[in-house]
Amino acid sequence: MTFGAGPSALAHGPTPQKIEATVTIAAPPDKVWAVAGKFAGIAGWNPLVASGKSQGDGTKNGDTRTLTLKNGGVLHESLDEYDAARRSYSYRLDDPDLKALPVSSYSATLTVTPEGAGSKVAWFGRFYRGDTGNEPPEELSDEAGRAAMKAYFEAGLAGLKAKVEGGP
């Protein structure tokens, strides 16, 4: 008896996806960090976030935040590493909400560094698509996850730039 390898036998699980977005802000790094470095304060600068609440002050590993997005989705995130001296923090998604973002999990890092007379903010994320099966629907695919995370990061960085620079 011979067995052939059909398409599902050759399929494999999801591969991690990565997104990085950056913005240059015309302000010193400490001024940018005063806004961006507040883990629970993202609702004050990311226009896609309607509200946020936190447990802890957002500077200790294990502190959490719950973000309600304007699309009605909710993100529950935990702080993994906070380094004020390096102006950097890393966090992860605790519970997926496919309405919020079509991803099953993610970890992300936000950093503020000097850039010329201003600052560069980099937001890096690593995640898996919303449906980790071998044949995800289009709305939960790698492409959908990348597009949603990119839009979330870019909108956030544009909002941060506007807030710090005093624009709209």
Side-chain angles (χ1 to χ4, degrees), residues 16-115 118-130 132 140 144-168:
Q17 303 296 305
K18 297 176 183 173
I19 290 291
E20 182 171 16
T22 62
V23 68
T24 301
I25 298 178
D30 287 340
K31 183 177 179 186
V32 176
W33 182 249
V35 176
K38 295 176 182 165
F39 180 63
I42 189 171
W45 52 267
N46 189 325
L48 300 181
V49 179
S51 66
K53 62 181 181 176
S54 66
Q55 188 166 23
D57 68 1
T59 62
K60 293 178 211 59
N61 297 353
D63 284 356
T64 62
R65 69 182 179 191
T66 300
L67 306 176
T68 301
L69 303 188
K70 290 188 176 170
N71 70 6
V74 177
L75 300 175
H76 299 280
E77 301 170 332
S78 293
L79 190 60
D80 288 329
E81 184 177 341
Y82 186 90
D83 189 337
R86 293 179 187 241
R87 295 185 214 83
S88 175
Y89 63 80
S90 298
Y91 64 97
R92 65 185 147 76
L93 178 67
D94 293 327
D95 300 309
D97 178 345
L98 300 178
K99 182 177 182 182
L101 293 169
V103 298
S104 59
S105 68
Y106 61 76
S107 59
T109 299
L110 186 135
T111 58
V112 179
T113 55
E115 177 89 4
S119 303
K120 176 182 175 182
V121 181
W123 202 351
F124 174 79
R126 182 174 186 221
F127 57 93
Y128 288 94
R129 66 182 176 232
T132 57
L140 299 176
R146 279 195 307 272
M149 292 294 287
K150 182 177 194 282
Y152 183 72
F153 284 9
E154 289 180 351
L157 292 178
L160 179 62
K161 179 179 176 71
K163 179 161 183 99
V164 172
E165 292 181 353

Problem set entry | Minimum side-chain heavy-atom gap Pro16-Tyr128 below 4.5 Å | yes

Exercise. Can you tell me how far CG of Leu67 sits from CG of Leu93, rounded to the nearest 0.5 angstrom?
Worked result: 10.0 Å

For this session: Go through the side-chain N and O atoms of Asp80 and Ser90 and say whether any donor and acceptor fall under 3.5 Å apart.
Result: no

For this session: Please test Arg146 against Phe127 for side chain to side chain contact (heavy atoms under 4.5 Å, CB included), starting from the C-alpha separation and ending with a verdict.
Result: CA-CA 9 Å; Arg146 279 195 307 272; Phe127 57 93; 3.7 Å; yes

For this session: Kindly give the heavy-atom pair with the smallest separation between Ala26 and Glu165, and that separation in Å.
Result: N-OE2, 2.6 Å

For this session: To the nearest 0.5 Å, tell me how far Thr111 OG1 sits from Phe124 CZ.
Result: 11.0 Å

For this session: Check for a donor-acceptor pair, side chain of Ser119 on one end and backbone N or O of Ala27 on the other, with a separation under 3.5 Å.
Result: yes

For this session: Could you pull out the closest heavy-atom pair between Pro47 and Gly159, with the gap in Å?
Result: CD-CA, 4.1 Å

Exercise. Is the closest side-chain heavy-atom distance between Tyr152 and Val49 below 4.5 Å?
Worked result: yes

Exercise. Taking all non-hydrogen atoms of both residues, which atom of Thr109 and which atom of Ser88 are closest, and how far apart?
Worked result: CG2-OG, 3.7 Å

Exercise. Any idea which heavy atoms bring Ala100 and Val74 closest together, and the distance?
Worked result: CB-N, 3.8 Å

Exercise. With side chains defined as the heavy atoms from C-beta onward, is the minimum distance between Asp30 and Arg87 less than 4.5 Å?
Worked result: yes

Exercise. Going from OG1 on Thr64 to CD on Gln55, what distance comes out if it is rounded to the nearest 0.5 angstrom?
Worked result: 4.5 Å

Seminar exercise, completed: Smallest heavy-atom separation, Val112 atom then Ala36 atom, equals CG2-CB, 4.4 Å

Exercise. Just how far is it from atom OG of Ser51 to atom NZ of Lys70, taken to the nearest 0.5 Å?
Worked result: 10.0 Å

For this session: Ignoring hydrogens and angles, state whether a donor on the side chain of Tyr106 or Gln17 is under 3.5 Å from an acceptor on the partner side chain.
Result: no

For this session: Measure the spacing between CZ of Arg126 and CD1 of Ile19 and express it to the nearest 0.5 Å.
Result: 13.0 Å

For this session: Would you please test Tyr91 and Phe39 for ring-ring contact (aromatic ring centres under 6.0 Å, His included) and show each step?
Result: CA-CA 9 Å; Tyr91 64 97; Phe39 180 63; 5.8 Å; yes

For this session: Measure across Lys163 and Val35 and return the closest heavy-atom pair with its distance rounded to 0.1 Å.
Result: CD-CG1, 4.0 Å

Exercise. If we only count heavy atoms from C-beta on, is the Thr66 to His76 side-chain gap below 4.5 Å?
Worked result: yes

Exercise. Rounded to the nearest 0.5 Å, how far does CG of Asp97 lie from CG of Leu75?
Worked result: 6.5 Å

Exercise. Is any side-chain heavy atom of Lys161 less than 4.5 Å from a side-chain heavy atom of Trp45?
Worked result: no

For this session: Name the orientation class of the two ring planes belonging to Tyr89 and Trp33 (parallel below 30°, tilted from 30 to 60°, perpendicular beyond 60°).
Result: tilted

